[in-house]
Amino acid sequence: MFSSRWRFGLDRYSEVDLFTDRYEADVETLSQAIRAAASEEPDADGSVLFGHLKGTVVGLRYYTGVVNQGEMVGLVRQPENPYDRNAVMVANIYGNQVGHIKRELAAAMAHVMDNNLAKVEGVVHSGTKNTFTMPVMLSFWGKEENKNAVIEGMARRGYKLNTGGSSATGINQKSSNSQGARAMSSKKGLTIPLTAQELKNAFDNLFDGLMESKDGEKEAAKSVGTPLLPHQKQALSWMCARENKSVLPPFWEKRGELYYNSLTCFSAKEIPERIRGGILADDMGLGKTLTTIALILTNFHNGKPLPVETFEERSSPIKAKTKPQEGSSAGDRAEVSNAAAGPQCSDIPQVEVICVNTTDVEEIVDSADVVEIVDKSDNSTSKGKKKANKRKPSKEAPVMLEDLDFAAALGGSAADTGLKKKKTAKKPGPTLSVESSVTESADDLSARTTLIICPLSVISNWLHQLEQHVRANVKLNVYLYYGSERNRSKAFLSSQDVVITTYNVLSADSGNKSPLHGINWLRVVLDEGHVVRNPNAQMSKAVLGLKAQRRWILSGTPIQNSVKDLWMLLAFLRLKPFDVREWWNRVIQRPVTQGDRAGLQNLQTLVKCITLRRTKSSKVNGRPLVSLPEKAVCVEQVELSQTEREEYELARNEGKNTIRKYVAEGTVLRNYADVLAILMRLRQHCCHPDLLAKTSSDLGAAATPAELRERLIDKLRLVLASGSDEECSVCLESVHLPVITHCAHVYCRPCIAQVINTEQETARCPLCRSEIKANELVEFPQEEMEEEKSTNSDKWRTSSKVQALMGNLLRLRCEDSSIKYLVVSQFTRFLSILEAPLREHGFSFVRLDGTMSQKKRTQVIQEFQSSAADSPAIMLLSLKAGGVGLNLTAASHVFLMDPAWNPATEEQCIDRCHRLGQTRKVVVTKFIVKDSVEENMVKIQRQKQDLVEKAFGSSNTERKTSRIDDIKALMEL
DNA sequence: ACCGCCGGGTGCC
DNA sequence: ACCGCCGGGTGCC
């Protein structure tokens, strides 16, 4: 008795948060992430194989976890094990314990694992039926510099790693007849690794060829007021199928009674949880928002439309025309589409799928599609039914269907499952084939709400599009969960049809008592889903913690830099087993980054299964999805005036000398902030002399602490104003809450604070290794922001670039006064400078920059987009403002006042007006000052683009070296 | 576990 | 016999 109780305790111990704990506390610790990111070491992907070792798993009979031939197993240190502090437990892919590593071997491994010298992975090739012990093939992976320590450490304890080059393939051959071959072959197979170029191509094309949707087209529910384009109907059809059909997730197959994963060789008795959702990765402008709105309205439970309240609105002729026709849904469909409507029109499947065990109503379906509801359990559903009837007083059959569904949705819960259903009319036999039937028995049918999470800048877009695309006579309950007055009631939120919030609000709310995390959402949609790609970020954790039946990611650019970015997306979708990082790393990420063909193939398969992506240039039935007007980009060279040129050359020579000195000393990175400041000044010279803030030119020897502080703030200001999208070297994201160290490097405050906190007295600047202290971090004083705006309004002067812009505007106004313009700069102060001549020449303009509140932005955008005669002709736009998703199609001419470091930023900006809805030809004019740093920037932009695309496998080191090279090129050194 | 190991019982053949 | 041998109890870490 005693022993069994005890065992139970141990099992519990080993199963609780097995991998998450381990990752949080061990492998993915912050200090390690920092080390990987900030040190010049190859990061975790760059690990090499040290060797193999055959070990023994013991204690099988005490645990329930089973493994198959060739299945990968996880090895988890258990330092708290009361019998042996060296214990290493063995677990299968679902985290169920299988056994332990034999004591002596565990002792040797514990040393290696605890000191992070190597990561040990296991694959079981035989003996999976054994009762007591079985062999396991262990492989040791780690950084090259730890290789000898690991090999020697193991040897000292009597374990000789097999480091022979052929050992891996040897194992392969041995197990090649078993299914285990696949688990191993994705490591280092017999195949020739991909070249960097092949890898790059494969990566670029990862999301290509996903546009042929096999699901045909689907009409949106009646409540969607806007007719969908063919490709949007395809997307809707695909999304509905992804939500309704129970297709096995990728790599799973049925083998007899078991479900088997061909990649990990894991098998389970239970059907693996299907992925209800996926990634809609259509290019921006193809209507992801509209398609998602259509999904919300079209695919409620059991494939039926969302039951919504409608108003009688016969007065308006337009409304009357678009109003659903009485008693017939066919006419309605015909109106929405003139394309071949497939057999999957929205109302047809309703009848078939309505019979679900979980409803506590008795229903009768007859051949004429008339449904009668008999409420059997007065208490639980009468309320729901009454409410449903109130929602839609009409008496048409489809309405009753919806009512039934709604009643079921309200009353149906896990507690009511015992009640029976009855079908009296034609039942198309036992149609429940595993592949196609809707099996929602495990669902919570009371879930109603779709939660949409998006960046702040696109909230207005959602609200606008909902208003625009949902039929005016339909009452859709949409709640914007934002602002301090937001309603946090779970009951309230879960009674809505749609709740919209931002990543920041979600992340701020998360933790205890988060209403968003307490609700079982019908659906969670991550808009611009690529914004959560750093798994360590609070936002990502907040997103992963949401409870939902269906999960969607909308993103025009699902991969920003590397395969790594995909993990977060798969984890959000809960694509097992890859939601656990270890399996993702072992099965996909490492093989792919090492150029393994099978690994890449697997990744492609994976992505293909869950993604739909069409680009602007994709075609449906040979015709382009959308036709965008032409776009012409021209560069206009600007000559500096003689005075400007003299000032510029002076600054350039000074800067050149300084940088030359740094290059000679090899201290470019250490003085990076200074270098950026020099470049910044030159770029400002190119635009307008007044952009050059009064700054002390050299950090040099600061006499007093106050002076040092002053200079640091100056530098920080320059770095931030540079628009270079300076990244924090700790988190590798754009700096957030910037602070500058005494060694003049800029980081996010939380990031650098963590470094200091972790390393305490020994804390060093990740970039230059100077000592840093928490109380020496300097941040931007608040009042500076305000002060800046009022500095140079007294006496205004022009510049060559200002002249160039004005010349263009005046000329174009004569040619066509109806054109609207975007005038884009990275320097908000340059935008301010431009206001004066615009006013002087009678141009009406609005301004949009990052400092504006959301409310103000929306207002400005509306004003600009308006077609009213007195609407502004020009928008002064700061390059980084708004981010993606802004719709500025009123403009058809873009002036890029100064080149950006990142050409993608410029492209994005241009796409704000060159997108769906643009009717005119789009002209882009880029102003570049001749013989200046700007010209060099443009040259580097091209190379950089290549570099960014190659980002695959580009380590931190490479990135930094390239930065130094960039600087040299810019300064012509 | 159809093992190995431990430790008690036992003791020429 | 401070041994060897036998056979029962026992068994991950």
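These numbers come from the heavy atoms of this one structure, side chains and all, not from hydrogens, waters or symmetry mates.
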| Presence of salt bridge, A:E121 and A:R586, under 4.0 angstrom | yes

Nearest-Å distance for atom pair [atom1]/[atom2], residues [X] and [N]:
X      : N      : atom1 : atom2 : answer
A:Y63  : C:dC12 : OH    : P     : 9 Å
A:N86  : C:dC12 : CG    : P     : 17 Å
A:Y62  : C:dG11 : OH    : P     : 6 Å
A:R103 : C:dG11 : CZ    : C1'   : 13 Å
A:M109 : C:dC13 : CE    : C1'   : 13 Å
A:K102 : B:dC5  : NZ    : C1'   : 11 Å
A:N81  : C:dC13 : CG    : P     : 10 Å
A:M134 : C:dC13 : CE    : P     : 14 Å

| field | Phosphate-side-chain proximity, A:R61 and C:dC12, N/O vs OP1/OP2 below 4.0 Å | value | yes

| Nucleotide opposite C:dC12 in a Watson-Crick or G-U pair, distances under 3.5 Å | none

| Roughly how far, to the nearest 0.5 Å, is OG of A:S139 from CG of A:N162? | 11.5 Å

| Has the side chain of A:D84 got a donor or acceptor that lies under 3.5 Å from a partner of the other kind on the base of C:dC13? | no

Roughly how many Å apart are [M] and [N], using the [atom1] atom of each and rounding to a whole number?
N      : M      : atom1 : result
B:dA1  : B:dC5  : C1'   : 12 Å
C:dC6  : C:dT10 : P     : 22 Å
B:dG11 : C:dG4  : C1'   : 9 Å

| task | On the 0 to 90° scale, with breaks at 30° and 60°, tag the A:Y94-A:F266 ring pair as parallel, tilted or perpendicular. | result | tilted

| query | So does A:R157 have more than 12 non-hydrogen atoms from other groups sitting under 6.0 Å from CZ? | reply | yes

| Reckon A:L60 touches a base, only the sugar-phosphate, or nothing at all at heavy-atom distances under 4.0 Å? | nothing

| A:M154 side chain reached by A:F140 side chain, heavy atoms, under 4.5 Å | yes

| request: Answer yes or no for this row: A:F132 ring on C:dC12 base, centroids under 5.5 Å, planes under 30°. | output: no

